[in-house]
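Reckoned from all heavy atoms, side chains included, excluding hydrogens, waters and symmetry mates. Residues: numbered from 1 along the sequence shown.
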Amino acid sequence: MRKTCSIRSLLVGIILTAALGFCIGFWLGTAKNWEAYEQRIALLEQNIERLLNKQRLAEAEKDKENAAESLNVIEPYAFVLLAEDGFVAVYQADRETLYATTGILVDNLPDNLQQEIQEGKIIDSEEQLYSFLENYSS
């Protein structure tokens with residue numbers, strides 16, 4: 001009986017040692033895998049952050065472009081210079097309401113300016129209008 005107990009004790013010891021070794025090996029392997037897993041997670045988080053930053057920069061650039069485009073609002077012009085009976089006439093922006101007539105002959109103006117007036121030269125403000133009239137009125 002003693003022999004049987006010794007064999008059983010030996011077998012239990014071997015099984016416990018094997019189980020303990022298996023558990024330790026499993027734990028060490030899991031710990032290594034866990035470190036690799038954590039490193040992969042850290043790399044993925046860095047990549048995600050880098051991509052998000054890129055996306056934010058692209059969106060900021062797009063917003064700047066959109067803001068710049070929205071700032072380029074076309075302001076309505078105030079006056080249009082047109083040729084009428086050989087003289088320069090000043091109309092309001094609607095091209096129908098006469099604002100003023102001038103004594104400036106279209107033929108006395110430079111060729112490029114004559115062409116602009118034939119097509120309707122746009123004047124943005126009263127200051128520009130008066131500046132034009134002063135320059136070309138003799």
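The residues E45 and R50 are annotated as not salt-bridged, no charged nitrogen and carboxylate oxygen being separated by less than 4.0 angstrom.
Side chains of I123 and V80 form no contact here, defined as non-hydrogen atoms less than 4.5 Å apart. Within the 4.5 Å cutoff, the side chain of V88 has heavy atoms near those of the L109 side chain. The shortest distance between side-chain heavy atoms of P110 and Y136 falls below 4.5 Å. Between I104 and F87 the shortest side-chain heavy-atom distance does not fall below 4.5 Å. Two residues are said to be in side-chain contact when any heavy atoms from C-beta on lie closer than 4.5 Å; Q118 and V106 meet this criterion.
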Original post:
For L81 and L129, what are the C-alpha separation, side-chain angles and deciding distance, and is it a side-chain contact (heavy atoms from CB on, under 4.5 Å)?
Top reply: CA-CA 9 Å; L81 302 179; L129 174 64; 3.9 Å; yes

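In this structure, NZ on K54 lies 13.5 Å from CD on E49, to the nearest 0.5 angstrom. Once rounded to the nearest 0.5 Å, the distance linking CG of L44 with CD of Q39 reads 12.0 Å. Between atom NZ of residue K62 and atom CG of residue L57 there is a gap of 14.5 Å, rounded to the nearest 0.5 Å. Taking CG of L98 as the reference point, atom CD of E84 lies at 6.0 Å (rounded to 0.5 Å). The distance from the CG atom of N108 to the CG atom of L113 is 11.5 Å, given to the nearest 0.5 Å.
Each side chain to side chain donor-acceptor pair (under 3.5 Å) pair with one or both residues in residues 15-24, not counting sequence neighbours, would appear here, but there are none. Sorted by first and then second residue, the ring pair (Phe, Tyr, Trp, His ring centres under 6.0 Å) pairs involving residues 89-129 (not counting sequence neighbours) are F79-Y99. For the salt bridge (charged side-chain N to carboxylate O under 4.0 Å, His left out) condition, no pair includes a residue of residues 90-100, sequence neighbours left out.
Annotation for I14: hydrophobic cluster partners, listed by chain and number, are L10 (ILVMFWY side-chain heavy atoms under 4.5 Å, direct or chained). Members clustered with I48: L52, by chain and number, using a 4.5 Å side-chain heavy-atom cutoff among hydrophobic residues.
Crowding of D85 atom CG: a count of heavy atoms from other residues, nucleotides or ligands under 6.0 Å not exceeding 12.
E119 and Q115 are linked by a side-chain donor-acceptor pair at a separation below 3.5 angstrom, with hydrogens and angles left out of the test.
For I122, the side-chain contact (heavy atoms from CB on, under 4.5 Å) criterion is met by Y77, D124, not counting sequence neighbours.
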